Number of protein chains: 2
Amino acid sequence: MARAVRAARGNGAATANQIKVTARAQMAAHGTAGLSLRGIARAMAITAPAIYNYFPSLDDLITALIIDAFTSLAEATEAAEAAVRNQPPFDRMMAICLAYRQWAISHPTDFLLIYGNPIPGYQAPEELTIPLARRPFLGLFHLFASTFEAGTLQIPPSYQDLPDEMSTAIAAWKRSSAIEMPDALVVLLMSGWARVHGAIMLEMFHHLQPLVGDGEAFFVHEVTAFAAQLGVR
Amino acid sequence: MARAVRAARGNGAATANQIKVTARAQMAAHGTAGLSLRGIARAMAITAPAIYNYFPSLDDLITALIIDAFTSLAEATEAAEAAVRNQPPFDRMMAICLAYRQWAISHPTDFLLIYGNPIPGYQAPEELTIPLARRPFLGLFHLFASTFEAGTLQIPPSYQDLPDEMSTAIAAWKRSSAIEMPDALVVLLMSGWARVHGAIMLEMFHHLQPLVGDGEAFFVHEVTAFAAQLGVR
DNA sequence: CAGTGTAAATAAACGCCGTTTATTTCTAAG
DNA sequence: CTTAGAAATAAACGGCGTTTATTTACACTG
């Protein structure tokens with residue numbers, strides 16, 4: 001019955017969803033830190049306190065938006081991976097990376113919400129976001145591990161032996177996460193992520209285009225060069 | 001005489017400088033978007049409107065902070081470069097890149113101010129910031145060009161031929177900037193910047209440390225691998 | 001069908017914010 | 001000693017997140 005009553009005026013979950021939609025539009029217009037409850041309320045033709053019926057505070061709304069963003073990103077990379085599951089490793093790697101960039105470019109606000117400057121007053125509940133932050137990359141981890149095991153990924157000489165500071169940290173991470181792969185593969189994954197992430201950030205803030213023009217062309221070229229360096233075909 | 005009067009109460013440029021110092025402290029505490037004139041005034045034990053005697057608006061204060069940040073970053077890389085001017089290309093490259101990271105890590109607020117999310121209401125005066133944004137990288141451009149000309153930098157196979165979208169854009173950029181170097185070198189510079197920038201961003205938001213531990217060790221390793229790929233010693 | 005419980009919306013208020021205006025303070029020059 | 005003018009202030013405007021108290025409007029009950 002609570003459910004039936006809920007459907008009466010505010011239409012329950014539908015309204016909560018529309019608040020999030022409006023919030024995303026607000027962030028797209030004024031930046032992630034430009035989000036305002038009163039602005040959302042104005043755009044929805046309601047009063048600001050009404051939003052408190054659906055989210056206890058602005059922070060909880062932001063948390064919901066972050067969860068949605070991570071989930072959306074993960075679904076994008078997972079869908080891309082599923083579509084090329086039986087193709088060569090290179091195609092799978094490219095598909096995942098391209099999906100990552102494509103999502104970032106078409107959802108810049110959500111991307112900056114999860115990977116850009118934190119919103120001033122906001123404090124993320126870590127126990128909630130850590131597993132979320134990991135999910136978009138699970139596919140890449142498995143791809144790297146399986147491709148290496150199949151012998152179609154060669155670790156470049158530069159990554160053969162690593163400084164002790166990194167080896168000990170990687171050992172600890174492998175223990176805690178129960179993922180088993182050569183240390184060099186972990187470092188190569190971080191290196192690849194840094195390249196991909198950096199390229200997207202530079203493109204997003206227009207540091208890339210004045211020099212090399214098309215961001216996607218540069219991105220594809222970078223991923224191709226990275227794969228070539230690993231001998232992944 | 002205006003100068004003498006200025007020195008009377010507010011102490012002129014000294015006060016303007018202290019406003020900027022306080023503003024940086026505020027940004028460090030509450031994020032770049034958490035800057036507030038009233039907060040600065042409170043910390044300085046003056047009233048908010050008094051700040052308008054030194055900066056016409058919050059935006060102008062932000063612009064001044066951005067100019068300072070770019071200048072400080074450029075001075076850091078230039079100083080690092082000057083200190084190793086007569087050493088091998090690898091050492092010079094490493095010095096510049098390390099200075100870039102070191103500055104970013106020790107001035108995270110300023111780094112995010114110039115390379116992170118824009119502050120909600122703020123609009124940067126482009127004609128002012130474009131040359132500023134270029135300065136920190138001039139050293140690297142010259143280093144790459146001269147090292148290539150000396151024959152001690154080999155362009156990797158993956159960068160030998162580039163897609164047309166990029167070649168035409170690079171041609172246009174070279175025309176407008178009057179810098180002459182092979183297209184591949186421009187792309188390699190952007191690739192290197194993306195790697196460096198991405199690694200710093202990931203470290204800054206603690207995405208790196210859980211896996212590889214020490215951010216600096218990873219960074220040094222990445223630059224070393226990049227140099228090795230180019231045959232730069 | 002009237003009465004009641006309750007979710008959801010509102011109005012009003014509090015202390016923040018950037019900014020403008022008018023006013024006061026204080027120093028230095030004449 | 002007077003006065004010009006820079007620099008600080010007080011007061012106010014509209015907007016912000018949030019809380020409190022109140023009203024609205026619907027679904028169920030008797």
Side-chain angles (χ1 to χ4, degrees), chain A residues 1-20 22-23 25-27 29-66 118-124, chain B residues 1-20 22-23 25-27 29-66 118-124:
Chain A
M1 77 180 82
R3 200 124 297 276
V5 172
R6 246 186 172 220
R9 283 213 298 182
N11 211 8
T15 304
N17 205 62
Q18 203 194 329
I19 290 171
K20 293 198 289 188
T22 312
Q26 283 264 319
M27 287 198 303
H30 308 112
T32 55
L35 194 59
S36 95
L37 280 187
R38 290 184 120 113
I40 297 168
R42 207 179 308 116
M44 293 179 68
I46 58 174
T47 57
I51 296 175
Y52 285 79
N53 287 316
Y54 302 92
F55 299 94
S57 75
L58 177 60
D59 274 25
D60 293 88
L61 172 56
I62 293 172
T63 298
L65 293 170
I66 289 175
I119 293 177
Y122 178 73
Q123 177 79 345
Chain B
M1 79 180 82
R3 198 124 299 272
V5 172
R6 246 185 174 223
R9 282 213 299 182
N11 211 5
T15 304
N17 205 61
Q18 203 194 329
I19 290 171
K20 292 197 288 187
T22 313
Q26 283 264 320
M27 286 199 302
H30 308 111
T32 54
L35 195 59
S36 94
L37 279 188
R38 291 183 118 113
I40 296 168
R42 208 179 308 117
M44 293 180 67
I46 59 174
T47 56
I51 297 177
Y52 284 80
N53 287 315
Y54 302 93
F55 299 94
S57 74
L58 178 60
D59 273 24
D60 294 87
L61 172 56
I62 293 171
T63 298
L65 293 170
I66 288 175
I119 292 175
Y122 179 72
Q123 179 78 345

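Because only heavy atoms are used, hydrogens play no part in the values below, and waters and symmetry mates are left out as well, while side chains stay in. Predicted model, so just to flag it, every value in this text is computed and none were measured. Convention: sequence-line order gives letters A, B, ...; per-chain numbering from 1.
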Quiz item: Reading nucleotides 14-23 of chain C from the 5' end, what letters show protein touch, with B for base, S for backbone sugar-phosphate only, - for no heavy atom under 4.0 Å?
Solution: --SBBBB---
Self-check item: Protein-nucleotide distance (A:Ile40, atom CD1; D:dT18, atom P), rounded to Å
Solution: 11 Å
Practice problem: Calculate, to the nearest 0.5 Å, the distance between atoms CD1 and CE belonging to A:Ile62 and A:Met27 respectively. | Solution: 8.0 Å
Quiz prompt | OH on A:Tyr54 to CD on A:Gln18, rounded to 0.5 Å | solution = 10.0 Å
Quiz item: Roughly how many Å is it from CD1 in B:Ile19 to P in D:dA7, rounded to a whole number?
Solution: 11 Å
Quiz item: If we fit an axis to the first five pairs and another to the last five of the helix from C:dC1-D:dG30 to C:dG30-D:dC1, what angle do they make, to the nearest 10°?
Solution: 20°
Quiz item: Below 4.0 angstrom from OP1 or OP2 of C:dA7, is there any side-chain N or O of A:Tyr54?
Solution: no
Quiz item: Do any side-chain nitrogens or oxygens of A:Asn53 fall under 4.0 Å of OP1 or OP2 in C:dA7?
Solution: no
Identify each donor-acceptor pair in which a side-chain atom of residues 33-50 of chain B lies under 3.5 Å from a protein atom, sequence neighbours left out, and give them as a table.
{"unit_1": "B:Ser36", "atom_1": "OG", "unit_2": "B:Gly39", "atom_2": "N", "d": "2.7"}

Practice problem: Measure the distance from CD1 on A:Ile46 to C1' on D:dT24 and round it to the nearest whole Å. | Solution: 15 Å
Quiz prompt | Residues forming a side-chain hydrogen bond (donor to acceptor under 3.5 Å, both in side chains) with A:Thr63, sequence neighbours excluded | solution = A:Tyr122
Exercise. Just jot down the side-chain hydrogen bond (donor to acceptor under 3.5 Å, both in side chains) partners of B:Ser57, sequence neighbours excluded, or say none.
Key: B:Asp60
